[in-house]
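The next block holds one structure in the form of structure tokens; read it before the comments.
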Amino acid sequence: MTNTPRRRRRLSARTRGAAIDYGSALRAARDANTATTPQILAHAAAAIGATDLVVYLIDFGQTLLEPLPDHSAHASVPTTETVATTMAGRAFVDQQVTTADRDDGVRVWVPIVEGSDPTGVLAFTLPAVNDEILRSCEELGMFAGYLIVAHARTTDLYNLYRRRRSMSLAASMQWDLLPPLVLKAGVVTIAGLVEPAYDVGGDCFDYAVNGSVLDVAIMDAMGHGLGSAMISSLAMGCYRHDRREGRSLEAMHSALGAAILARYRDHSFATGLLGRLDLGTGAFTWTNAGHPRPLLIRNGRVITELVSKPTPPWGIEGAPPTVATEALEPGDSVLFFTDGVTEARTPEGDFFGVDRLVDLTNRYASDLLRPDGILRRLVASVRDHQRSDSLADDATVVLVRWDGPGGA
């Protein structure tokens, strides 16, 4: 949390005793048009003296913060903020309230968090700040996240403002399949990213925390585009159905392969991993359908690949699945990825490769970054390696971190 001492001494008695009335804000939002969210937040924030409020949403590529339109007056016209080089981007990446002195007060940038998922930034100006006011700012960012996620079910506006360019039909289908990109649920944290964000076709992932168990899956359908997106949709639908029926990993694995085989008789297939983590003990079990092996990270370094006997990809007949088991230690992470990561190549044909992935994971994991921060840097490295903002093949990464039964 970045504070500004000079401004901290200038709080008026009215501002010091102010509190945001979230009850009134919720009542205002209940029957409001979803386009009025910035005005609702601005009205609520006025209680702590906030002016010139702007709501930014992160784009699908996780590189730019897009301002939501607002018909109220601003000191300046809001523009797109880059994640890499701006104060708004710093607040988003660090997930901390960030401040800077201005002639008219203190400019404040607050992370917008939808549950655990960072999805944007609030920016506004305050006369001055202290610890109490900064806590109110942080709470306002959480409130904004819950307000946006509740409204997002009934409008396309937030989705559209997050798009920097047109999205392919396949990518739109895939994004609708994905869960939130970040979840912190007690002793476990899950983060995932997919690339190319606006043209992803066959890659997807899913997870669910059900009591003391985390289920996680990553899938990669053959090909690219609409055909692979349809295979992924079938695979994901089958997986979620069987998971909600309480079926075992073996049963889900077999049913998924049978569903694709029954629908596609042209040797279409999908590779993937199904995993299950006991949150109380750290026992991790998984099955592998012709997919790259996940990496086990301990003490900030990759210590091994998680090896299991794979079946053929789903949609190709073969042996029944074998369930493998690994005992995780508190603080361990498991990195899942699709072959689009390791097979990304330079124009000269140099593959990204598993060794480079391991080296970079060691570098970023040792920096004690949050799981989503590690993935953001890994995906940026893949793009840099290919020397293109858009990857030739889908590349998906998922990181699961277990903090131990006591939440170390």
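Fair warning: this is a prediction, and the values are worked out from it, not measured in the lab.
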Can you tell me how far [atom2] of [Y] sits from [atom1] of [X], rounded to the nearest 0.5 angstrom?
| X | Y | atom1 | atom2 | result |
| --- | --- | --- | --- | --- |
| Glu329 | Asp403 | CD | CG | 13.5 Å |
| Ile218 | Leu273 | CD1 | CG | 7.0 Å |
| Asn33 | Thr154 | CG | OG1 | 9.0 Å |
| Tyr239 | Met219 | OH | CE | 7.0 Å |
| Gln95 | Glu138 | CD | CD | 9.5 Å |
| Leu375 | Leu369 | CG | CG | 10.0 Å |

Is there a side-chain contact between [X] and [Y], using heavy atoms and a 4.5 Å cut-off?
| X | Y | answer |
| --- | --- | --- |
| Thr189 | Val400 | no |
| Ser308 | Thr287 | no |
| Pro294 | Leu335 | no |
| Pro292 | Phe336 | no |
| Thr361 | Ile297 | yes |
| Ser254 | Pro321 | yes |
| Leu177 | Asp206 | no |
| Leu140 | Val110 | no |

How close do [X] and [Y] get, heavy atom to heavy atom, and via which atoms?
| X | Y | result |
| --- | --- | --- |
| Leu122 | Ala144 | CD1-CB, 4.1 Å |
| Pro405 | Val187 | O-CG1, 4.0 Å |
| Leu147 | Ala29 | CD1-CB, 3.3 Å |
| Tyr161 | Pro69 | OH-CG, 3.2 Å |
| Gly315 | Leu261 | O-CD1, 3.3 Å |
| His385 | Phe351 | NE2-C, 3.4 Å |

Task: Under the side chain to side chain contact (heavy atoms under 4.5 Å, CB included) test, residues paired with Thr80 that sit two or more places apart - done: Leu64, Glu66, Pro67, Arg164

TODO: Applying side chain to side chain contact (heavy atoms under 4.5 Å, CB included), name anything that partners Met230, two or more places apart in sequence or on another chain.
DONE: Met173, Leu226, Tyr264

- [ ] Would you please test Leu181 and Gln62 for side-chain contact (heavy atoms from CB on, under 4.5 Å) and show each step?
- [x] CA-CA 11 Å; Leu181 298 183; Gln62 300 279 300; 3.8 Å; yes

Mind checking side chain to side chain donor-acceptor pair (under 3.5 Å) for [X] and listing every partner two or more places apart, or none if nothing turns up?
| X | result |
| --- | --- |
| Asn362 | none |
| Ser228 | none |
| Arg27 | Ser24 |
| Glu139 | none |

- [ ] Check whether more than 12 heavy atoms from other residues, nucleotides or ligands sit under 6.0 Å from atom CG of Asp266, and answer yes or no.
- [x] yes

- [ ] Just grab all the side-chain hydrogen bond (donor to acceptor under 3.5 Å, both in side chains) pairs involving residues 111-123, residues at least two apart or on different chains.
- [x] Glu114-Thr119

Open item on the list: What verdict does the side-chain contact (heavy atoms from CB on, under 4.5 Å) test give for Leu295 and Leu306, after you've listed the backbone C-alpha separation in whole Å, the side-chain angles of each residue and the deciding distance to 0.1 Å?
Closed with: CA-CA 6 Å; Leu295 304 177; Leu306 293 183; over 6 Å; no

[X] (side chain) donor-acceptor with [Y] (main chain) under 3.5 angstrom:
| X | Y | result |
| --- | --- | --- |
| Ser232 | Gly202 | yes |
| Ser248 | Ala251 | yes |
| Arg363 | Asp359 | no |
| Tyr364 | Gly373 | no |
| Thr86 | Thr82 | yes |

Sequence neighbours left out, what passes ring pair (Phe, Tyr, Trp, His ring centres under 6.0 Å) with [X]? Give chain and number order.
| X | value |
| --- | --- |
| Trp286 | Phe284 |
| Tyr158 | none |
| Tyr198 | none |
| His291 | none |

Open item on the list: Between Leu328 and Glu326, does the side-chain contact (heavy atoms from CB on, under 4.5 Å) criterion hold? Intermediate values first, please.
Closed with: CA-CA 6 Å; Leu328 301 189; Glu326 181 74 24; 4.2 Å; yes

- [ ] Go through Ile231 and Ile260 one step at a time and tell me if the side-chain contact (heavy atoms from CB on, under 4.5 Å) criterion holds.
- [x] CA-CA 7 Å; Ile231 297 172; Ile260 295 177; 4.2 Å; yes

Task: Selection residues 209-238 - residue pairs positive for salt bridge (charged side-chain N to carboxylate O under 4.0 Å, His left out), sequence neighbours left out - done: Asp215-Arg276

One thing to verify: whether [Y] and [X] come together as a salt bridge, which I'm taking to mean a side-chain N less than 4.0 angstrom from a carboxylate O.
| X | Y | value |
| --- | --- | --- |
| Asp104 | Arg102 | no |
| Arg356 | Asp350 | yes |
| Asp101 | Arg107 | no |

Task: Asp52 and Thr125: side chain donor to acceptor below 3.5 Å - done: no

Task: Ring centers of Phe269, Trp314 separated by less than 6.0 Å - done: no

Open item on the list: Please report whether the ring centroid of Phe143 lies less than 6.0 Å from that of Tyr22.
Closed with: yes

- [ ] Apply the test side-chain hydrogen bond (donor to acceptor under 3.5 Å, both in side chains) to residues His253 and Thr311: give CA-CA distance (whole Å), side-chain angles for both, the deciding distance (0.1 Å), then the verdict.
- [x] CA-CA 9 Å; His253 187 111; Thr311 67; 2.9 Å; yes

TODO: Show your reasoning for whether salt bridge (Lys or Arg N to Asp or Glu O under 4.0 Å) applies to Asp242 and Arg244.
DONE: CA-CA 5 Å; Asp242 287 356; Arg244 291 162 182 165; over 6 Å; no

Task: Chi angles and distances behind the side-chain hydrogen bond (donor to acceptor under 3.5 Å, both in side chains) call for Thr338, Asp203 - done: CA-CA 8 Å; Thr338 60; Asp203 282 11; 2.8 Å; yes

